[in-house]
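To start, the structure itself, in structure tokens.
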Amino acid sequence: MPIPTIPTLTAGAAKIPAIGLGTSNLGGGDKTIRGETVATALKLGYRHIDTAWKYGSERDVGEGIRASGVPRGDIFLCTKVSHEYLRAADFARSVDESFANLGVDYVDLLLVHWPNAEIPLKETMGALAKAKRDGLARHIGVANFNIALLDQAIALCPEPLVNLQGEGHPYIDTTRIVDACRARGIVFTAYCPLGRGRLLDDPVLGAIAKSKGRTLAQVALRWLVQRGNIVPIPRSSNPGRLAENLDVFSFTLSDDEMTRIGALKKADGRIANPPGRAPKWD
């Protein structure tokens, strides 16, 4: 099977592969499955791997990268600093620990994982910018910030932000935050793009998938990438589904299909909404 060419989205100097592999709870915590899945994904053509200190998957991701045989320079690797470690000294230690886990000396994208109202954002943005200036991160960004926090982060960070990662799938309305990212020249990365499996029985998605001879997951992922400026990072440990999830650039959805999928949003559709940590979502 030929390795597919994955488009990239540009934000500043960053070129981000337009789909990636998420590793949060990948393999149900089975380290062997996680490492094998990362290696398999890279062999299939994935070039964007997303992890985080908080996931506990960094060591397995690093092993999978090395087992894949894909050169490190061909891989866009993202990790994140958890909300507990956003003071400058803690931030630096967390980055060092992530690098030791991953077995790398730089990442392509370093994110603040969640905001923390108890730690001055200026201090955190300074630590994030320092990681970039020190060559530890080629690009930087934030995750789970609302528009107001994003604007504060942009204003306080001495280095440009290129990415905002947040939950994104048809059951929540991300129009405002995606439009805000687009206006600021920032790419939006969508985690939980299949709603952690909640979308997989949806009749509207199922009917569209059947009419196009595609899987429901492919249709949901295509809806995200076709909106523009969105990079979904689905996860799966099944090699067949990994390949299917990657194959979303060879077909399009009609305007009517895009509208029908967009109408699936629900008031209670959000999955990642931890009390006391989540901001007021846009």
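- When hydrophobic clusters are built by joining Ile, Leu, Val, Met, Phe, Trp and Tyr residues whose side-chain heavy atoms come closer than 4.5 Å, directly or via intermediates, Phe188 is not grouped with Tyr191.
- Not a single donor-acceptor pair under 3.5 Å links the side chain of Asp134 to the backbone N or O of Leu136.
- Side-chain contact check for Leu86 versus Phe91: some heavy-atom pair is nearer than 4.5 Å.
- Between Arg47 and Thr8 there is no side-chain heavy-atom pair separated by less than 4.5 Å.
- In this structure, His139 and Phe76 have parallel ring planes: the angle between them is below the 30° cut-off, well short of the 60° mark.
- Side-chain contact between Pro7 and Phe249 is present, with heavy atoms from C-beta onward closer than 4.5 Å.
- Nearest heavy-atom pair, Leu111 versus Ala143, reported as atom, atom and distance to 0.1 Å: CD1-CB, 4.4 Å.
- Side-chain N or O atoms of Glu123 include none that pairs as donor or acceptor with a backbone N or O of Arg87 at under 3.5 Å.
- Cluster membership for Trp53 and Ile119, using ILVMFWY side-chain heavy atoms within less than 4.5 angstrom, is shared.
- Under the 4.5 Å side-chain heavy-atom criterion for grouping Ile, Leu, Val, Met, Phe, Trp and Tyr, Ile49 is not connected to Tyr55 through any hydrophobic cluster.
- Interatomic distance, Thr124 OG1 to Leu156 CG, rounded to the nearest 0.5 Å: 9.5 Å.
- Here CG of Asn229 is found 12.0 Å from CG of Leu224. Values are rounded to the nearest 0.5 Å.
- The 12-atom threshold is not exceeded at NZ of Lys130, counting heavy atoms of other residues, nucleotides or ligands nearer than 6.0 Å.
- Ile208 is not listed as a side-chain neighbour of Trp223, based on a closest heavy-atom distance of 4.5 Å or more.
- Annotation for Lys15: atom NZ does not count as buried by contact number, only 12 or fewer foreign heavy atoms lying within 6.0 Å.
- Here the side chain of Tyr46 pairs a donor or acceptor atom with the backbone of Leu242 at under 3.5 angstrom.
- Here the options are Asn146, Asp173, Asn273, the test is side-chain hydrogen bond (donor to acceptor under 3.5 Å, both in side chains), and the partner is Trp281; only Asn273 passes.
- Of the candidates Leu9, Ile19, Val178, Ile230 forms a side-chain contact (heavy atoms from CB on, under 4.5 Å) with just one, namely Val178.
- Under a cut-off of 6.0 angstrom, the local environment of CG in Asp255 is sparse, with at most 12 non-hydrogen atoms contributed by other residues, nucleotides or ligands.
- Between Asp90 and Glu84 the shortest side-chain heavy-atom distance does not fall below 4.5 Å.
- Distance CD/Glu244 to CG/Leu44: 11.0 Å, rounded to 0.5 Å.
- Put simply, the side chain of Arg222 never gets that close to the backbone of Leu253: no donor and acceptor are under 3.5 Å apart.
- Under the 4.5 Å side-chain heavy-atom criterion for Ile, Leu, Val, Met, Phe, Trp and Tyr, Met125 and Leu164 are members of the same hydrophobic cluster.
- Across Cys157 and Ile140, no two heavy atoms sit closer than the pair SG-CD1, 3.8 Å.
- Contact detail for Ala272 and Trp114: the closest heavy-atom pair is O-CH2, 4.1 Å.
- Distance check, rounded to the nearest 0.5 Å: CZ of Arg176 to CG of Asp282 gives 4.5 Å.
- In this structure the side chain of Pro232 reaches within 4.5 angstrom of the side chain of Val225, judged on heavy atoms.
- Using a 4.0 Å cut-off between a side-chain N of Lys or Arg and a carboxylate O of Asp or Glu, Asp50 and Arg235 do not qualify as a salt bridge.
- Taken from OG1 in Thr37 to CG in Asp60, the straight-line distance is 10.0 Å, to the nearest 0.5 Å.
- Using a cut-off of 4.0 Å between Lys/Arg side-chain N and Asp/Glu carboxylate O, Arg72 and Asp108 are scored as salt-bridged.
- By the 4.5 Å heavy-atom criterion applied to side chains, Ile177 and Ile147 are counted as neighbours.
- Counting heavy atoms from C-beta on, the side chains of His83 and Asn144 never come closer than 4.5 Å.
- Side-chain N or O atoms of Arg184 include one that pairs as donor or acceptor with a backbone N or O of Ala180 at under 3.5 Å.
- Under the 4.0 Å criterion applied to side-chain N and carboxylate O atoms, Asp96 and Arg93 are not assigned as salt-bridge partners.
- Atom CD of residue Gln218 and atom CG of residue Asn245 lie 7.5 Å apart, to the nearest 0.5 angstrom.
- The two residues Ser68 and Leu42 make their nearest non-hydrogen contact at OG-CD1, 3.5 Å.
- Cluster annotation: Val248 is connected to Met258 through the hydrophobic network of ILVMFWY side chains, with a link wherever side-chain heavy atoms come within less than 4.5 Å.
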- Query: Step by step, would you call Ile186 with Ile154 a side-chain contact (heavy atoms from CB on, under 4.5 Å)?
  - Reply: CA-CA 10 Å; Ile186 290 173; Ile154 291 169; 3.8 Å; yes
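- Between the side chain of Arg133 and the backbone N or O of Glu159, no donor-acceptor pair lies under 3.5 Å.
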- Given Glu63 and Arg34, is the side-chain contact (heavy atoms from CB on, under 4.5 Å) satisfied, shown in steps? CA-CA 9 Å; Glu63 291 175 358; Arg34 283 197 302 233; over 6 Å; no
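- With sequence neighbours excluded, the residues forming a salt bridge (Lys or Arg N to Asp or Glu O under 4.0 Å) with Arg214 are Asp247, listed by chain and number.
- Here the closest heavy-atom approach between residue Ala52 and residue His113 is recorded as CB-CE1, 3.6 Å.
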- Query: Given the rule in the side-chain contact (heavy atoms from CB on, under 4.5 Å) test, do Val187 and Asn163 qualify, once you have shown the distances and angles that lead to the verdict?
  - Reply: CA-CA 5 Å; Val187 167; Asn163 186 244; 4.0 Å; yes
- For Leu194 and Leu221, what are the C-alpha separation, side-chain angles and deciding distance, and is it a side-chain contact (heavy atoms from CB on, under 4.5 Å)? CA-CA 7 Å; Leu194 303 177; Leu221 295 171; 4.0 Å; yes
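- Here the shortest heavy-atom pairing between Pro279 and Leu149 reads CB-CD1, 3.8 Å.
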